[in-house]
Amino acid sequence: MRVEELKVSEKVKLILRKRGIEELYPPQEEALKSGVLEGENLLVAIPTASGKTLIAEIAMVNTLLREGGKAVYIVPLKALAEEKFQEFRDWEEIGLRVAMATGDYDSKDEWLGKYDIVVATAEKFDSLLRHGSSWIKDVKVLVVDEIHLLGSRDRGATLEVILTHMLGKAQIIGLSATIGNPEELAEWLNAKLVMSEWRPVQLRRGVFHQGLVVWEDGEVDRFSSWEDLVYDAVKRGKGALVFVNMRRKAERTALELSKKVKSMLTRGELRKLKELANSLEENPTNEKLAKALQGGVAFHHAGLGREERVLVENNFRAGLIKVVVATPTLAAGINTPAFRVIIRDTWRYSEFGMERIPVLEVQQMMGRAGRPKYDERGEAIIVSTTENPGDVISYYIKGKPEKLFSQLSNESNLRSQILALIATFNYRTVREILNFIDRTFYAYQRKDTYSIEAKIKEILYFLMENEFVELTLEDEIIPLPLGTRTAKLYIDPMTAKVFKDFFKYIEKDPNPIGIFHVIALTPDMVPVSYSKRELSKLEEEYYSLKDRVYADDPYLAYDPYYERKFFRAFKTSLILHAWINEVSEADIVEKFSVEPGDIYRLVETAEWLIYSLKEIAKILGASQELLDYLEKLRVRVKHGVREELIPLMELPMVGRKRARALYNAGFKDFESIARATPRELLKIEGIGAKTVEAIFKHLGREVKIVEKPKKNTLDYFLNKQ
DNA sequence: AGGAAACCACTCTAGACAGCATGTC
DNA sequence: CTAGAGTGGTTTCCT
């Protein structure tokens with residue numbers, strides 16, 4: 001179908017033409033003819049990269065142009081929010097204002113209410129709902145991207161609750177991967193269902209086993225090893241994406257592959273790759289990455305720092321990096337297609353032992369094969385070492401993906417959501433809560449809510465016992481300040497309870513080790529693990545810091561579960577403590593065997609939790625002194641600095657390293673910097689022209705610095721050519 | 001006795017969301 | 001039951 005024939009405003013067609021879209025893909029056509037343009041709900045279950053976003057965009061904009069109001073587009077990842085936000089800004093040309101809302105970024109200067117399209121993560125939107133933002137009532141369309149994540153254990157309930165709140169109030173458009181029970185989901189959503197296996201790039205799937213690739217169509221190709229599948233792709237001028245189930249394996253495999261891939265590169269490529277490798281900040285993880293990069297191969301997993309991740313993604317897309325070996329980070333994340341996808345593992349370790357990786361996930365990985373516009377087809381190959389290739393084909397390739405199951409009844413999810421209903425949505429009785437539950441996917445799927453009723457009552461008891469809510473004489477459940485604050489802070493009620501339980505100790509003797517240990521004992525903290533060999537060192541450290549730790553001695557009662565939890569939290573506490581004492585990232589990586597990406601996530605979460613601890617402390621009647629102490633600690637965690645650097649952290653382009661350099665050079669506050677000459681600041685290690693300009697601008701002084709380009713910077717290379 | 005190879009038991013394992021505070025008919 | 005790489009220590013075997 002041609003764009004011309006579409007029954008939408010000329011404005012929409014204008015933007016589509018600008019993007020170079022003249023023709024719609026068959027599933028797009030089917031979806032747009034389903035009634036979604038007339039305002040009906042829609043569930044689209046089609047493969048990745050077959051144009052789901054465009055369907056939602058057209059429907060969204062169409063409704064906005066027809067009825068006004070707002071559209072909200074929900075994504076599962078912050079990185080994805082950024083990607084969609086940039087894409088959607090195309091619509092600004094026809095007067096639609098686009099915003100993004102995630103935990104660490106809100107479209108600045110303006111209130112979200114001024115925008116027409118808001119891209120948000122699920123949790124952020126849930127939080128906005130809880131805060132009762134007035135513009136919510138104007139939401140006419142809600143798009144939920146990757147709606148199959150409704151079945152994910154830890155985050156699925158959020159989507160389910162958002163949808164339950166919005167059903168009937170806004171048009172719902174769900175975009176899903178292929179799932180086992182799309183009909184059931186569509187029925188719950190009261191949506192038209194559009195399913196298709198169509199892809200813009202043909203996909204050929206197969207299994208590699210003992211020197212042979214057996215394709216789904218029965219054909220067979222010979223390769224001496226799975227690595228040859230990679231080399232073959234590179235030789236043909238294409239790229240390969242290898243999925244593995246362990247970080248360590250991703251790194252090792254990348255290094256291994258890079259040796260041979262290196263010999264297939266041109267001199268120009270080698271030079272650029274070397275440049276790329278040199279640009280990395282120094283730490284153990286990056287050293288490995290740099291080495292692999294020089295052979296045109298990279299690994300990609302959550303241990304990489306943000307910059308490194310983006311660097312790998314961009315250069316892989318641009319074709320400079322030929323091969324990426326990744327853990328599932330790349331499977332559901334941002335768009336990184338490759339001609340050939342190789343899946344090395346179909347098993348994964350979990351807390352219950354080894355588990356099969358779900359069909360849904362493997363199919364999403366395979367879906368990354370084939371780059372639209374570059375390849376006429378993509379290839380996805382599962383490597384099977386022990387299993388019968390026929391079985392693998394029937395299970396993962398011909399097999400049906402898993403059904404989606406509601407995760408609402410999961411205790412921690414339910415606890416948070418029940419509290420939110422009472423504290424932020426004014427639900428007052430068990431009856432009202434059950435009426436809400438009746439409208440969820442959980443109830444739709446289970447047909448009865450009997451089993452969940454008992455759980456809800458248990459949760460209510462927990463909430464009352466811990467003073468989140470109370471029962472009035474008229475048998476109404478009303479929220480108490482602790483409950484309201486907890487729901488709005490978006491922390492698990494159990495986290496708030498931990499804060500409350502330790503409050504009296506914190507109040508008596510506030511200290512970073514003890515406070516970090518407390519936040520690390522909450523269910524909201526990122527889990528950090530320690531190896532058996534680390535334990536004795538942790539024990540030693542604990543005994544030397546014992547008087548600063550609030551929690552009970554881990555060996556007081558014989559409880560291996562508590563012991564593990566205690567030392568995990570203790571390790572987290574030591575890492576954060578090192579961080580705020582300006583221990584370098586490389587040293588933390590070395591000492592605690594965590595990676596840069598882990599540190600970022602830890603720090604990010606810790607900052608949020610310390611803020612939350614401060615807010616809960618306020619409710620518990622903390623002194624101003626304690627609140628100030630916690631605020632300082634929060635800032636220190638945010639930037640990873642000692643107390644004396646706090647004033648410098650407001651400067652633009654100044655992080656922990658530059659702040660320390662300034663301080664040591666005698667620039668301890670704004671006044672001393674304002675009196676300095678640019679030349680004086682430039683002499684300081686790590687401070688360049690751009691930083692000095694930004695600093696002075698912040699202090700109200702315009703300075704322009706003309707500088708000779710430094711070695712190994714982009715300018716340096718640009719000038720050289 | 002010395003040293004290398006073979007063997008065995010044991011350890012370890014993916015990812016990533018959330019606060020804040022806005023303004024007007 | 002269902003994986004596979006790495007590690008570290010011990011045994012075995014050969015000279």
Side-chain angles (χ1 to χ4, degrees), chain A residues 74-81 101-114 120-128 130-131 133-135 149 152-159 243-253 256 300-304 306 309 326-333 344-357 361 365 383-387 413 416 420 485-492 495 522-527 529-534 593 595 597-598 600-602 604-616 631 634 638:
Chain A
I74 304 288
V75 290
L77 270 71
K78 287 191 277 193
L80 233 37
T102 66
D104 49 31
Y105 181 87
D106 265 6
S107 291
K108 30 181 189 294
D109 10 87
E110 309 275 356
W111 192 43
L112 285 173
K114 292 197 170 176
T121 53
E123 287 76 9
K124 183 64 181 190
F125 185 64
D126 189 17
S127 165
L128 289 165
R130 291 184 186 188
H131 280 84
S133 308
S134 61
W135 55 270
L149 289 173
S152 108
R153 204 186 127 78
D154 45 332
R155 294 178 61 202
T158 312
L159 283 182
F243 283 107
V244 295
N245 64 358
M246 271 183 272
R247 286 185 189 184
R248 210 173 45 184
K249 204 160 157 185
E251 294 174 5
R252 207 186 49 81
T253 310
E256 202 75 10
H300 189 285
H301 59 60
L304 285 183
R306 290 168 207 268
R309 262 166 91 156
T327 56
T329 29
L330 274 188
R344 287 268 9 240
D345 302 291
T346 46
W347 291 88
R348 173 197 298 156
Y349 176 82
S350 82
E351 53 179 320
F352 312 109
M354 293 308 292
E355 276 180 350
R356 266 201 178 286
I357 298 176
E361 275 181 54
M365 292 183 216
V383 178
S384 132
T385 32
T386 54
E387 283 172 286
N413 294 336
S416 301
R485 204 70 200 92
T486 298
K488 291 197 176 176
L489 285 167
Y490 215 80
I491 53 177
D492 188 325
T495 294
T522 69
D524 278 313
M525 181 50 98
V526 200
S529 60
Y530 60 87
S531 64
K532 286 216 163 129
R533 277 177 303 177
E534 273 179 284
S593 49
E595 299 191 87
D598 303 310
Y600 297 148
R601 256 189 318 286
L602 214 65
E604 197 178 30
T605 312
E607 198 220 327
W608 163 53
L609 288 176
I610 290 178
Y611 177 84
S612 302
L613 172 61
K614 187 184 87 182
E615 292 298 304
I616 297 298
E631 173 58 18
R634 184 190 70 81
K638 180 171 184 186

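Chain identifiers are assigned alphabetically (A, B, ...) following the order of the sequence lines, protein sequences preceding nucleic acid strands; residue numbering begins at 1 within each chain. Because the structure is a prediction, the values reported are computed rather than measured.
When the P atom is compared between C/dA5 and B/dA14, the two are found 15 Å apart, to the nearest whole Å.
The CD1 atom of A/Ile616 sits 14 Å away from the P atom of B/dG19 (whole-angstrom rounding). When the C1' atom of B/dG19 is taken as reference, atom CZ of A/Arg485 falls 8 Å away, rounded to whole Å. Atom-to-atom, CG of A/Asp104 to C1' of B/dC17 comes out at 10 Å; the value is rounded to the nearest Å. Summarising the geometry, the separation between OH on A/Tyr105 and C1' on B/dA18 is reported as 18 Å, rounded to the nearest angstrom. When the P atom of B/dC20 is taken as reference, atom CG of A/Leu609 falls 13 Å away, rounded to whole Å. For the pair A/Leu602 CG and B/dA18 P, the interatomic distance rounds to 17 Å; values are reported in whole Å. For the pair A/Glu631 CD and B/dC20 C1', the computed distance is 10 Å after rounding to whole Å. Taking atom CD of A/Glu595 as the reference point, atom P of B/dA16 lies 13 Å away to the nearest angstrom.
With a cut-off of 3.5 Å on both pairing distances, the Watson-Crick and G-U wobble pairs of DNA chain C assemble into stems of 3 or more at B:1-13 with C:3-15.
In this structure A/Arg309 satisfies the side-chain hydrogen bond (donor to acceptor under 3.5 Å, both in side chains) test with no other residue, sequence neighbours excluded. Looking at residues two or more places apart in sequence or on another chain, you find a side chain to side chain contact (heavy atoms under 4.5 Å, CB included) between A/Ala157 and A/Leu408, A/Asn413. Residues passing the ring pair (Phe, Tyr, Trp, His ring centres under 6.0 Å) test with A/His301, sequence neighbours excluded: A/Phe299. Listed by chain and number, the residues in a salt bridge (Lys or Arg N to Asp or Glu O under 4.0 Å) with A/Glu355 amount to none (sequence neighbours excluded). Contacts of A/Glu595 classified as side-chain hydrogen bond (donor to acceptor under 3.5 Å, both in side chains), with partners at least two apart in sequence or in another chain: A/Arg247, A/Thr285. For the side chain to side chain contact (heavy atoms under 4.5 Å, CB included) test, residues two or more places apart in sequence or in another chain that qualify with A/Met525 are A/Ile519, A/Ala520, A/Thr522, A/Thr572, A/Leu576, A/Leu602, A/Thr605, A/Ala606, A/Leu609. Taking A/Lys249 as the reference, A/Asp345 meet the salt bridge (Lys or Arg N to Asp or Glu O under 4.0 Å) condition, with sequence neighbours excluded. In terms of the salt bridge (Lys or Arg N to Asp or Glu O under 4.0 Å) criterion, residue partners of A/Glu604 (sequence neighbours excluded) are, by chain and number, A/Lys78, A/Arg306.
Residue contacts shown for A/Thr102 are limited to sugar-phosphate atoms, with no base heavy atom under 4.0 Å away. As judged by a 4.0 angstrom heavy-atom cut-off over every strand, A/Arg130 is placed among residues making no nucleic acid contact. Across all strands, A/Ile491 comes closer than 4.0 Å to no nucleic acid atom at all (heavy-atom distances). A/Thr158 comes within contact range of no nucleotide atom at all, as no heavy-atom separation falls under 4.0 Å. Residue contacts for A/Gly353: at a heavy-atom cut-off of 4.0 Å it reaches no nucleic acid atom on any strand shown.
Within a 6.0 Å radius of CZ in A/Arg153, other residues, nucleotides and ligands contribute 12 heavy atoms or fewer.
Between the OH atom of A/Tyr490 and the CZ atom of A/Arg130 there is a distance of 5.0 Å, given to the nearest 0.5 Å.
Across every strand in view, B/dT22 sits unpaired, with no contact that passes the Watson-Crick or G-U test at under 3.5 angstrom. Of all nucleotides present, none satisfies the Watson-Crick or G-U wobble test against B/dA16 with each distance under 3.5 Å.
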Distances under 3.5 Å between nitrogen or oxygen atoms of protein and nucleotides 23-25 of chain B:
none

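If you find the closest nucleotide of DNA chain C to A/Arg344 and to A/Phe352, the one lying nearer the 5' end belongs to A/Phe352.
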Apply side chain to side chain contact (heavy atoms under 4.5 Å, CB included) to A/Leu159 and A/Ile74, showing your working. CA-CA 9 Å; A/Leu159 283 182; A/Ile74 304 288; 4.1 Å; yes

Before you tell me yes or no, could you show the steps for A/Asn245 and A/Thr327 under side chain to side chain contact (heavy atoms under 4.5 Å, CB included), namely the whole-Å CA-CA distance, both residues' side-chain angles and the distance that decides it to 0.1 Å? CA-CA 6 Å; A/Asn245 64 358; A/Thr327 56; over 6 Å; no

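For the pair A/His131 and B/dC20, the criterion of a side-chain N or O lying under 4.0 Å from OP1 or OP2 is met. A close approach under 4.0 Å does occur between a side-chain nitrogen or oxygen of A/Lys124 and OP1 or OP2 of B/dG19.
For a distance-only test at 3.5 Å, the side chain of A/Glu607 qualifies as a donor-acceptor partner of the base of B/dG19.
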Nucleotide-resolved protein contact map, nucleotides 7-15 of chain B, B/S/- at heavy-atom distance under 4.0 Å: ----SSBBS

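A donor-acceptor contact shorter than 3.5 Å links the side chain of A/Trp608 to the backbone of A/Leu489. Counting only distance, with no hydrogens or angles, the side chain of A/Ser133 and the backbone of A/Trp135 share no donor-acceptor pair below 3.5 Å.
If you walk DNA chain C from 5' to 3' and mark each nucleotide with an atom closer than 4.0 Å to a heavy atom of chain A, the marks span C/dT2 to C/dG8.
Between A/Leu128 and A/Asp126, every side-chain heavy-atom pair lies at or beyond the 4.5 Å cut-off.
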